[in-house]
Amino acid sequence: MSAVLDHHHGHDHDHHDAHAPAGWRRWVYATNHKDIGTLYMLFSLTMLMFGGLLALGIRAELFQPGLQFMNPEFFNQLTTMHGLIMVFGAIMPAFVGFANWMIPIQIGASDMAFARMNNFSFWLLIPAGLMIGSTFFMPGGAPSGGWTIYAPLTLQMGPSMDVAIFALHIMGASSIMGSINIIVTILNMRAPGMPMMKMPMFCWTWLITAFLLIAVMPVLAGAITMTLTDRHFGTNFFNPAGGGDPVLFQHVFWFFGHPEVYIMILPAFGIISQVVPAFARKKLFGYASMVYATSSIAILSFIVWGHHMFSTGFPVTGQLFFMYATMLIAVPTAVKIFNWIATMWRGSMTFETPMLFAVGFIFVFTMGGFTGLICAMAPVDIQIQDTYYVVAHFHYVLVAGSLYAMFSGFYYWSPKWTGVMYSETRGKIHFWWSLISFNVTFFPMHFLGLAGMPRRYADYPMQFADFNAIASVGAFLFGFAQLYFIVCIVIPVMRGKGAPAPQRPWEGAEGLEWEIPSPAPFHTFENPPKLDETATRVLA
Amino acid sequence: MKEERKRSNRRIGLTLGLVAAVFFLGIVARVVVLGS
């Protein structure tokens, strides 16, 4: 982030930064895609730490049976806010940060299509984040009905629910504006000689994700608006006491919620599709099939929402439809997994930190994918619905999936952002520490879930004590691993500490981001570059 | 050329914004009119 933080290392490209504004105005009035990308990532990192603290509160309480530190009401607030903050505050903004930094550079554009709207999209997140954090201090405490904000729980809560709904509206508006920006940038701002089918996979996955966001964020906005009118304006959409239907809320919520799952994983697929070929020193195997597989996953994500609701009394035909549709998603996902493996096959692989996280992602995410298939089977899901098996499943795909891909992307692109190389030894320590502690935390949850331990309870019977103790120890170790990442890796590179990064620090890396100096100059590709036939190199 | 691209950007952006608005109104209308 040196292009952003004004560290000059005496590189000959310093003159590029001459037009960078200085002081607080640079950030408040930021229209530069790199600055806004940095802001997004710092916001996301802050929310990741906040959400992580809430998770450690949950695991501290669950270390032993009985109530140790908090009452069950506060425990429920922690689980709810952990989910909301991680989904809307940490994962989504982090990927938008990656998109802001990398997409214009990767397609040879000078900036995002709507630079001022980009600024607005980011700065909307700050009041939303503050509002959602402040709910802990409101009468009745923070929302506690689960991140799925199910009716009628949401209809019974205090004023914090209204504030959370407002915050979600704002975050939704920010996401929609961000998506419009990304779609227009990719469709309209590509350099000459960069056809769609030669775009880097990260751009493709984000293009598809942005379409998903535009389709489903308004649905969430509609659902929470109706919740708001149920709470204050006398309607009864979801209120059974007035003839409304709470299951209708679940249908509308999951019509948003399942594509949301792919919104959180498709950009991760994009990052992995960039990193694996770079460290296998081979072209990505099956580029076109990757594009079609990503599109298929996105389309299928609209017809599987019912698998979250098998136990609501679905007719058998409905259960069968959603069961088979869900299983169908395994096909394009497997295409991607096999393509990554085929890319590595007989490649000249080296295992620097980005590649370690990418391989870790493929291995652990696939485990999460398989437990997803198990959850997709209606007869099994009715047994494990709302148990720790489901908690284990979605943390395997969201932590070892989305978060690992972000780590991989950070290590891969941070030399370009900051102009310095991170410490490889520290990166490897971070990887192994995270991988082991992640599995110590979440693997035992499969057993807890199969044995019948339900989610969202502050207490449990003695029979679950051992696995919970192990999971809590793992969670604290995982938390400390991320503290190590921030203190020993992120902060040093942001302060410019480390060996100067060459223009192309990775031998096998391809793409336009490696055609510009490190750190990336404040302005790049102000005149459209002339590209070679592979659209990965600048000719003039 | 630059102006032409700007106009084109705005056209696509506004269309996508309109799509989002229609989806929002569509889901509310669906629930209001058809209920569960």
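Throughout, protein chains are lettered first and strands after them, A, B, ... in sequence-line order, and every chain is numbered starting at 1. Computed from a predicted model, the values in this text were never measured in an experiment. These numbers come from the heavy atoms of this one structure, side chains and all, not from hydrogens, waters or symmetry mates.
A distance of 12.5 Å separates CG of A/L213 from CD1 of A/I208, quoted to the nearest 0.5 Å. Here the CD1 atom belonging to A/I182 is positioned 5.0 Å from the CD1 atom belonging to A/I103, to the nearest 0.5 angstrom. Taking CD1 of A/I105 as the start and CZ of A/F525 as the end, the distance is 7.5 Å to the nearest 0.5 Å.
Using a 4.5 Å cut-off between heavy atoms, A/F255 makes no contact with chain B at all. Both the backbone and the side chain of A/V219 come within contact range of chain B, judged by heavy atoms closer than 4.5 Å. The parts of B/V32 that come within reach of chain A are both its backbone and its side chain, each placing non-hydrogen atoms under 4.5 angstrom from that chain. Both the backbone and the side chain of A/I214 have a heavy atom closer than 4.5 Å to some heavy atom of chain B. For A/M177, no part lies under 4.5 angstrom from a heavy atom of chain B.
At a threshold of 4.5 Å between non-hydrogen side-chain atoms, the residues A/I224 and A/F256 do not count as touching. Proximity of A/M171 to A/L125: side-chain heavy atoms (C-beta onward) are separated by under 4.5 Å at one or more points. In this structure, the side chains of B/I12 and B/L16 come closer than 4.5 Å at one or more pairs of heavy atoms. The shortest distance between side-chain heavy atoms of A/M161 and A/L228 does not fall below 4.5 Å.
A parallel orientation is assigned to the rings of A/F249 and A/F253, their planes being inclined by less than 30° (bins at 30° and 60°).
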Produce the donor-acceptor pair table for chain B versus chain A, cut-off under 3.5 Å.
residue, atom, partner, partner atom, Å
B/R5, NE, A/N188, O, 3.2
B/S8, OG, A/N188, ND2, 2.6
B/N9, OD1, A/N188, ND2, 2.8
B/S36, OG, A/D245, OD2, 3.2

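By number of non-hydrogen pairs under 4.5 angstrom with chain B, the leading residue of A/P218, A/A113, A/A215, A/A223 is A/P218.
Residues forming a ring-ring contact (aromatic ring centres under 6.0 Å, His included) with A/F120 (at least two apart in sequence, or on another chain): none.
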